[in-house]
Amino acid sequence: MRQKKNLLKSKSFCLLWLVIISCSGPRTFGPRARYDVEVNPLLEREYQQAERTYQGENFQGAANLFQSFIDKHPYNRLTDRSFYRLGEIDLRKEQYETALKYFSRATLRSFDADLGPQAMYKEAVCQYRLKEYEKSKSTLKRIPLKYTNPKLRIRIGSLWIEVMNQQKNDHEKTWGYLNLVDAYQALPLEDRKVTGASWIVDEAVAADFAKRWIQEGEEEPAQLKKWVGEFNGRPVGGTILWKLIQTYNTKGDYAKARDEAGNFVTGYPKHEYYPLARMVLAEVEKRTGDTEIPVGVILPLSGKYSVAAESVLRGLECAAGLFEPCKATANVRLLIRDSGEGDPAKAVSQVQELVGEGVVSIIALLVKDETEPAIAEANRLLVPMVVLSSRKELKGLSPYGFRNFLTVSEQVETIVRYACETKKIANYAILYPETPIGKEFETVFSEKVAACQGKVVSRQSYRSDTDDFRNPLRNLKFSVASHTLGEPAYGFQALFIPDTYKNLLLIADAMKFLDVKIPLLLGSAGWDHPSLVEEKSEVLIGSVFTDGFFAKSSDKATREFNDHFQAAFAVEPTFLEAYSYDSLRLVQEVAKRHPSREAIQSSLASLKDFSGATGSISAAGSGEFKRSLFLLTVKEDGIGEIR
């Protein structure tokens, strides 16, 4: 079982949403640097002059130029790089105290994912040279290894071991060696020679330590579980998990040994310790006599959809109670398959494999053209499959295929019902991107407005790659030929903008520039992001949008899930975690009483008012699940819920 616990909180809902909805490409994310000004060609030339001087080993001349750059220009991306170079110059001169200050300044205001880890490592080097070993240890701990290249991680792990040697702390050296094993494995064989510091530990020494640690070392289960999460899915993660299994087994905690052995078998099928984990699993299951209910999981864990797949997996892990305080309502074992880039034939074969292993249900995040063939195979083999897909139409849903996901239709229906029934709005406009999802929003919005006896009097689209929304807004403003007496100047009372929060903020800036004032702005789930209020755009205050999950909701089930998830994973859940969590809970609810495919299928088909993290869920016929979405509004102090 893949387990990942410590993630940076910069996950963006909108990017995840775009991955699933439009399948438009990979999502990149990480620490985000913010600067006062953008770098222009003049600044770039001036910085490069200093850089060339540095590369020419005229260090005093380079120091003068870097300092001059910092003094002359407002804070920008190259400011941090200038501080970093000044630190390197003083480090060369063994002036560690001043070098330390420069490296610290390089990450003081912003954290650049490329520069930040290097600067922090150099901080730790300076502290080590100053014999401030505890400070060096603390700095090394703070480096976000997820955004650090393998060669730098080798230097970090090696310095950690050296610092632990100085502190005579043999116990804490273990992490350094595990990090080294993992970092070396991430490099091609020809690149595994790392130089540049006297403390570098080579690959053979690190590997030898790891093998001896597996056989002889002692570690607390809590520490091992933390490391399993940190190195999740990588070979060294399997090594640590095997150590955890051995630890539980030795202590006589057979239930936990069984759980972790099950995680190993499903998460590390190609690992060298896989056969041993299978033997332990069989042995402890006999001892406990507690048979788990097998549930299949198909996710694109490798490739460009992996970020979304990881989110779904965390939601499933919480529902399965793998991390406290998350709790399971039934004792399930997740049998996980990696569907990769979306090969229909592979998805079909994975459905067949899982059925052959006796799963009572399958939960799948499917992309591209694999969705419908996988559902068809589930129907043929009579295994209930819950898919996480927002595609407008899904053939083959029902009797054994079910969809539990946020769709365009649900969002539009919720927002139009609010505007039409609560706000009594008659005339609408829509401003939407020229993308498949944007056009789907426009079509469904027109249908829903007409169904409530309203009228879309103005439509305006824009290119998906634009960052200037002034012309689309001008066209929208003057698109209504005649205005009804008593109507606002534009002929409509509400404007629907189904896009991401990033474009919405640009649109808000353009509205302010053009003095466009519309009584009510309406939006889709893509709006839901903290930056919406961090930017303090007064144009958006009072606007209303919808989402399938709101972490700060007052709803009891939602609040409980959010609290447990954050405590377990140290990150706020998104709609992906919430929907996958609810999907497994739906299966568990029946499986704990009747663990058969027929019982689960019948229960899902007749589901009514199930209280989930995403709201009250009911079957809507033809394999669809419906819920009352969250209505949200933008306030001056944040995003709030409309009850």
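For clarity, every value in this text was computed on a predicted model and none was experimentally measured.
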Subject >> Residue pairs, two or more places apart or on separate chains, that pass disulfide (SG to SG under 2.5 Å) and touch residues 360-394 >> reply: none
Subject >> Donor on one side chain, acceptor on other, Glu577 and Thr574, under 3.5 Å >> reply: yes
Subject >> Evaluation steps, salt bridge (charged side-chain N to carboxylate O under 4.0 Å, His left out), between Arg643 and Glu641 >> reply: CA-CA 6 Å; Arg643 299 293 290 182; Glu641 184 178 10; 2.8 Å; yes
Subject >> Within the 6.0 Å centroid threshold, strictly below: Tyr581 and Phe561 >> reply: yes
**OP:** To the nearest 0.5 Å, tell me how far Leu313 CG sits from Glu310 CD.
**Re:** 6.0 Å
Original post:
Would one find more than 12 heavy atoms of other residues, nucleotides or ligands at under 6.0 Å from atom NZ of Lys251?
Top reply: no
Subject >> Ring geometry between Trp527 and Phe545 (parallel below 30°, tilted from 30 to 60°, perpendicular above 60°) >> reply: tilted
**OP:** Looking only at non-hydrogen atoms, find the nearest pair between Pro325 and Ala568 and report the distance.
**Re:** CD-N, 4.0 Å
Subject >> Any Leu586 side-chain heavy atom under 4.5 Å of Phe625 side chain >> reply: yes
Subject >> Stepwise side chain to side chain contact (heavy atoms under 4.5 Å, CB included) test for Glu377 and Gln352 >> reply: CA-CA 8 Å; Glu377 189 65 8; Gln352 294 168 348; 3.0 Å; yes
**OP:** Could you grab the distance from atom OG of Ser628 to atom CD of Glu410, nearest 0.5 Å is fine?
**Re:** 9.5 Å
**OP:** Please determine if Arg459 and Glu442 form a salt bridge, counting it only when a charged side-chain N lies under 4.0 Å from a carboxylate O.
**Re:** yes
Original post:
Say you draw a straight line from CD1 of Ile363 to CG of Asp582; how long is it, rounded to the nearest 0.5 Å?
Top reply: 10.5 Å
Original post:
Is the backbone N or O of Gly233 less than 3.5 Å from a side-chain atom of Tyr268, with the two atoms forming a donor-acceptor pair by type?
Top reply: yes
**OP:** Please check if the distance between the ring centroids of Phe549 and Tyr579 is under 6.0 Å.
**Re:** no
Original post:
Taking 4.0 angstrom as the limit, do Arg417 and Glu413 come out as a salt bridge?
Top reply: yes
Subject >> Least distance between heavy atoms, Lys243 atom then Leu224 atom >> reply: CG-CD2, 3.9 Å
Original post:
Closest approach of Asp338 and Ser302, non-hydrogen atoms and distance?
Top reply: OD2-OG, 2.7 Å
**OP:** Quick one: do Tyr428 and Phe496 satisfy ring-ring contact (aromatic ring centres under 6.0 Å, His included)? Show the steps, please.
**Re:** CA-CA 8 Å; Tyr428 300 79; Phe496 181 47; 9.2 Å; no
Original post:
Quick one: CG on Leu299 to CG on Leu334, what's the gap to the nearest 0.5 Å?
Top reply: 9.5 Å
Original post:
Taking atom OG of Ser461 and atom CD of Glu434, what is their separation to the nearest 0.5 Å?
Top reply: 3.5 Å
Original post:
Can you tell which of Ser583, Ser580, Ser389 makes a side chain to side chain donor-acceptor pair (under 3.5 Å) with Asn404?
Top reply: Ser583
Original post:
Could you give the distance from CD1 (Ile617) to CZ (Arg585), rounded to the nearest 0.5 Å?
Top reply: 11.0 Å
Original post:
In terms of the angle between their ring planes, are His271 and Phe264 parallel, tilted or perpendicular, with boundaries placed at 30° and 60°?
Top reply: perpendicular
Original post:
More than 12 foreign heavy atoms under 6.0 Å from NZ of Lys626: is that the case here?
Top reply: yes
Original post:
Could you go step by step and tell me if Arg337 and Glu357 meet the salt bridge (charged side-chain N to carboxylate O under 4.0 Å, His left out) rule?
Top reply: CA-CA 12 Å; Arg337 295 293 182 272; Glu357 293 192 35; 2.3 Å; yes
**OP:** Classify the ring geometry between His529 and Tyr501 as parallel (under 30°), tilted (30 to 60°) or perpendicular (over 60°).
**Re:** parallel
**OP:** Pick out which of Glu230, Glu219, Glu260, Glu220 makes a salt bridge (charged side-chain N to carboxylate O under 4.0 Å, His left out) with Lys225.
**Re:** Glu260
Original post:
Between Phe445 and Phe441, is the ring centre distance below 6.0 Å?
Top reply: no
**OP:** May I ask you to decide whether Lys327 forms a salt bridge with Glu560, counting only side-chain N to carboxylate O separations under 4.0 Å?
**Re:** no
Subject >> Neighbour count >12 (heavy atoms, 6.0 Å) for atom CG, Asp369 >> reply: no
